[in-house]
Amino acid sequence: MKKYLVIGNPIEHSLSPKLHNYWLDKNKIDGNYDKKLLTERKIGEFLKSNQNISGINVTVPFKKTILNYCTELTELASSSQSVNTIVLSNDKIIGDNTDIYGFEQSLKDLNFDGLNKTAFILGAGGVVSSVVIALNNLGVKKIVISNRTKNKAEALAKEYNLVVSDWGKTVDFDIVINCTSIGLKSNDKLGLDFSNIKNKIFYDIIYRPKTKFLIGAEGLGNQIIDGKMMFLYQAQKSFEIWHGIKPEINEEVTNLLND
Ligand code: ATR
């Protein structure tokens, strides 16, 4: 039986095992997908002592740290400097990125057209480079980034040609994407004033619970998108990379995330 797992910290909340085990079962693949809580110090040791694992998903906060342990990177992993999918074969540790596909596909589903559009990104954590690359693929004209710790936004701005805005201020945008972790806890508040904004797109990478950011935007008549489809598409792509089969995303699969 082939072994797969997701590593992160925290990891308890991860729905990846449920989803991948469902698809493994549906596709009659002899495999098992587990989760493992790790600390940064333990990553190297874990990889050395678990050479019977065939694939790993990497989540917060290791998507960048893991680059140091990969023996090879795909072009997407290299351009984003972010790895969420690893293929282990022989002595190779190949880092790949399916977050870019996940984010891009979730917007393509909704016929999003980036032409002449401005995107406003909140946050500068591990997922942002993937979001930026996907937005560029979708043809957006301008990307503005804002983060509490400004130098992290500035570093990304330099790398990907973005405009930096001070944290707490809002700018003109067609789509705003919350890439911060604010909203994971139910009393979390972003503290940005979007009260005059209508008919725009509000996207939250977080898929559970529905964030105040999305609830407020919806109340004002904006289109809202949560992180569910991005999560499903990145998982679908990882599955395809490991097993050579594109698993189906249907209502039954989407419902797995709701229970
Ligand atoms: P990483 O990938 O770096 O481990 P992450 O959890 O993906 O981190 O990202 C956390 C993001 O949420 C960061 O942009 C963080 O801002 P800082 O860079 O200033 O830390 C942002 N964030 C988390 N809590 C926040 C808060 N209370 N106010 C503002 N931004 C916050």
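Whatever order the structure lists them in is the order used to number ligands and atoms, beginning at 1. Hydrogens, waters and symmetry mates play no part in the numbers below; they use all other heavy atoms, side chains included.
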Exercise for review: Determine whether the side chains of Tyr22 and Glu252 contain a donor N or O and an acceptor N or O closer than 3.5 Å.
Suggested key: yes

Review point. Is the side chain of Lys35 donor-acceptor paired with the backbone N or O of Ile7 at a distance under 3.5 Å, no angle test?
Key: no

Check your understanding: Does the side chain of Thr74 come under 3.5 Å of the side chain of Asp96 through a donor N or O and an acceptor N or O?
Key -> yes

Review point. With a 3.5 Å cut-off and no angle check, do the side chains of Ser106 and Tyr203 form a donor-acceptor pair?
Key: yes

Please list, one pair per line, the donor and acceptor atoms closer than 3.5 Å that link side chains of residues 153-163 to other protein atoms, with sequence neighbours excluded.
| unit_1 | atom_1 | unit_2 | atom_2 | d |
| --- | --- | --- | --- | --- |
| Tyr160 | OH | Ser79 | O | 2.8 |

Can you pull every nitrogen or oxygen pair between ligand 1 and the protein closer than 3.5 angstrom?
| unit_1 | atom_1 | unit_2 | atom_2 | d |
| --- | --- | --- | --- | --- |
| ligand 1 | 2 (O) | Gly126 | N | 2.6 |
| ligand 1 | 12 (O) | Ser181 | N | 3.2 |
| ligand 1 | 14 (O) | Ala124 | N | 2.9 |
| ligand 1 | 14 (O) | Asn147 | OD1 | 2.7 |
| ligand 1 | 16 (O) | Asn147 | OD1 | 3.2 |
| ligand 1 | 18 (O) | Asn147 | ND2 | 2.8 |
| ligand 1 | 18 (O) | Lys152 | NZ | 2.7 |
| ligand 1 | 19 (O) | Arg148 | NE | 3.0 |
| ligand 1 | 19 (O) | Thr149 | N | 3.0 |
| ligand 1 | 19 (O) | Thr149 | OG1 | 2.5 |
| ligand 1 | 20 (O) | Arg148 | NH2 | 2.9 |
| ligand 1 | 27 (N) | Arg148 | NH1 | 3.4 |

Review point. Under a 4.5 Å cut-off applied to non-hydrogen side-chain atoms, are Asn178 and Val176 in contact?
Key: no

